[in-house]
There are 2 protein chains.
Amino acid sequence: MRQDPDGPHLRSGQVARRAGVNPQTLRYYERRGLIAEPARSPGGHRAYPPETVTLLTVIKAAQRLGFTLDEVAELIDTGRRGHPTPDLRARAQAKIAEVDARIADLTTIRTALTQVVTAGCDSLTNCTCPDCPLPYAGLATGRTPAEDRPS
Amino acid sequence: MRQDPDGPHLRSGQVARRAGVNPQTLRYYERRGLIAEPARSPGGHRAYPPETVTLLTVIKAAQRLGFTLDEVAELIDTGRRGHPTPDLRARAQAKIAEVDARIADLTTIRTALTQVVTAGCDSLTNCTCPDCPLPYAGLATGRTPAEDRPS
DNA sequence: GGTAAGCCTGTACTCCGGTACCGGATGCAA
DNA sequence: TTGCATCCGGTACCGGAGTACAGGCTTACC
């Protein structure tokens with residue numbers, strides 16, 4: 001982890017190629033606060049330290065774990081200075097809960113779809129199959145049908 | 001299913017309230033081709049047949065099953081005239097496959113997150129835990145690190 | 001007839017993660 | 001020094017499903 005200000009800096013295209021991202025994405029991440037503003041050449045071209053490539057692969061790994069870019073930015077900040085926000089373990093646990101909830105939703109949807117298939121539904125609006133499950137493809141509608149009073 | 005053109009038409013706000021959607025959503029669905037352009041009052045206000053409320057609940061049910069609005073529009077069309085496109089059963093089966101794939105993705109993510117938690121990772125960038133799984137939170141990166149040749 | 005609620009059209013904005021395009025400047029090698 | 005690849009900043013756009021707002025007109029009720 002060298003910090004030599006005269007080290008072997010990379011240009012944006014090299015960083016992008018090595019990290020496997022679009023060059024535009026570097027500027028985007030910079031705007032989003034995920035990567036620091038790099039040094040500049042006299043002409044204004046960005047000069048990145050080589051660690052930036054590693055940082056980008058870390059960002060991509062975190063994204064694959066389901067974290068949003070805002071969350072990744074916070075996780076990076078948290079790791080850099082003390083721990084002003086909940087740490088990685090806590091956030092990973094919270095994310096697991098999110099993932100579980102999403103899986104539960106999808107499982108419910110899957111069940112309903114299976115019922116549609118096995119019942120032999122043939123139309124959304126005019127299904128002729130017996131015991132058509134479509135009207136009950138509710139999945140917690142939350143509808144209370146009493147909101148029609150003329151004010 | 002009355003089609004009486006002088007029937008008890010509803011105004012957009014009434015339809016929206018009965019179906020539990022935002023009034024703007026009606027015009028949006030009309031633009032998207034999900035609901036037909038309704039009759040108009042002499043002053044230009046939309047006058048919906050009561051079946052529109054049912055149609056909206058059908059649309060919402062189909063959305064809860066994971067269909068996009070484009071897919072819902074097609075399903076409604078398919079049901080109205082013959083079957084020029086694959087029918088509901090086939091589409092439901094395809095959707096089940098999509099859902100299964102998504103669940104598999106989430107399960108992989110869940111496993112990786114669990115590894116992060118059990119290994120006790122404490123930082124994305126400087127994890128000090130033994131056998132840190134973060135660098136391998138790969139989930140099929142597909143990276144071939146050989147794209148750096150100076151052209 | 002007055003007044004308020006509701007509706008009209010058109011346009012712009014939201015979230016999320018980027019991507020694309022533009023005209024002009026820079027870097028680098030031959 | 002020339003030529004070409006690359007980079008710059010700024011802005012606009014993608015998809016998906018809506019939501020919000022502005023400015024004006026209609027409808028309904030008293």
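Computed from a prediction, not measured in an experiment: that's the story for all the values here. In what follows, chains carry the letters A, B, and so on, assigned in the order in which the sequence lines appear, proteins first and then strands, with residues in each chain numbered from 1.
The phosphate of dT9(C) (OP1 or OP2) has a side-chain N or O of Arg40(B) nearer than 4.0 angstrom. An OP1 or OP2 oxygen of dG18(C) is reached within less than 4.0 angstrom by a side-chain nitrogen or oxygen of Tyr29(A). Between Ser12(A) and dC7(D) there is a side-chain polar atom (N or O) within less than 4.0 angstrom of OP1 or OP2.
The distance from atom CZ of Arg46(A) to atom P of dT26(C) is 15 Å, rounded to the nearest whole Å. Going from atom OH of Tyr48(A) over to atom C1' of dT6(D) covers 13 Å, rounded to whole Å. Between the CG atom of Asn22(A) and the C1' atom of dC7(D) there is a distance of 13 Å, given to the nearest Å. As rounded to whole Å, 6 Å separates atom C1' of dC16(C) from atom OH of Tyr28(A). If you measure from atom CD of Gln63(A) to atom C1' of dG18(C), you get 10 Å, rounded to the nearest angstrom. If you measure from atom CD of Glu30(B) to atom C1' of dG10(C), you get 14 Å, rounded to the nearest angstrom. If you measure from atom NE2 of His45(A) to atom P of dC7(D), you get 8 Å, rounded to the nearest angstrom. For the pair Glu37(B) CD and dC8(C) P, the interatomic distance rounds to 12 Å; values are reported in whole Å.
The distance from atom CD1 of Ile109(B) to atom CD1 of Ile96(A), rounded to the nearest 0.5 Å, is 11.5 Å.
Between the side chain of Gln24(B) and the base of dA20(D), at least one donor-acceptor pair of N or O atoms lies under 3.5 Å.
Partner Tyr28(B) forms a side-chain hydrogen bond (donor to acceptor under 3.5 Å, both in side chains) with one of Arg31(B), Glu30(B), Gln24(B), Arg32(B) and no other, that one being Arg32(B).
Looking at heavy atoms from C-beta onward, Ile59(B) lies out of side-chain contact with Val21(B) at the 4.5 angstrom threshold.
Of all non-hydrogen atoms in Lys60(A) and Tyr29(A), the two that sit nearest each other are NZ-OH, 2.9 Å.
Comparing atom distances between the Lys60(A) side chain and each of dG18(C), dG18(D), dT9(C) picks out dG18(C) as nearest. When the nucleotides dG10(D), dG18(D), dT9(C) are ranked by their closest atom to the side chain of Arg27(B), dT9(C) comes out on top. Looking at the side chain of Ser41(B), the nearest of the listed nucleotides dT27(D), dG18(C), dG18(D) is dT27(D).
The nearest heavy atom of DNA chain C to Arg11(B) and to Arg31(B) marks one nucleotide each, and the one closer to the 5' end goes with Arg11(B). Two residues, Gly43(B) and Thr68(B), neighbour DNA chain D, and the one matched to the more 5' nucleotide by heavy-atom proximity is Thr68(B). Residues Val21(A) and Pro42(A) both approach DNA chain C. Their nearest nucleotides, taken by heavy-atom distance, put Val21(A) toward the 5′ side.
The pair Glu98(A)-Lys95(A) counts as a salt bridge, with a side-chain nitrogen and a carboxylate oxygen less than 4.0 angstrom apart.
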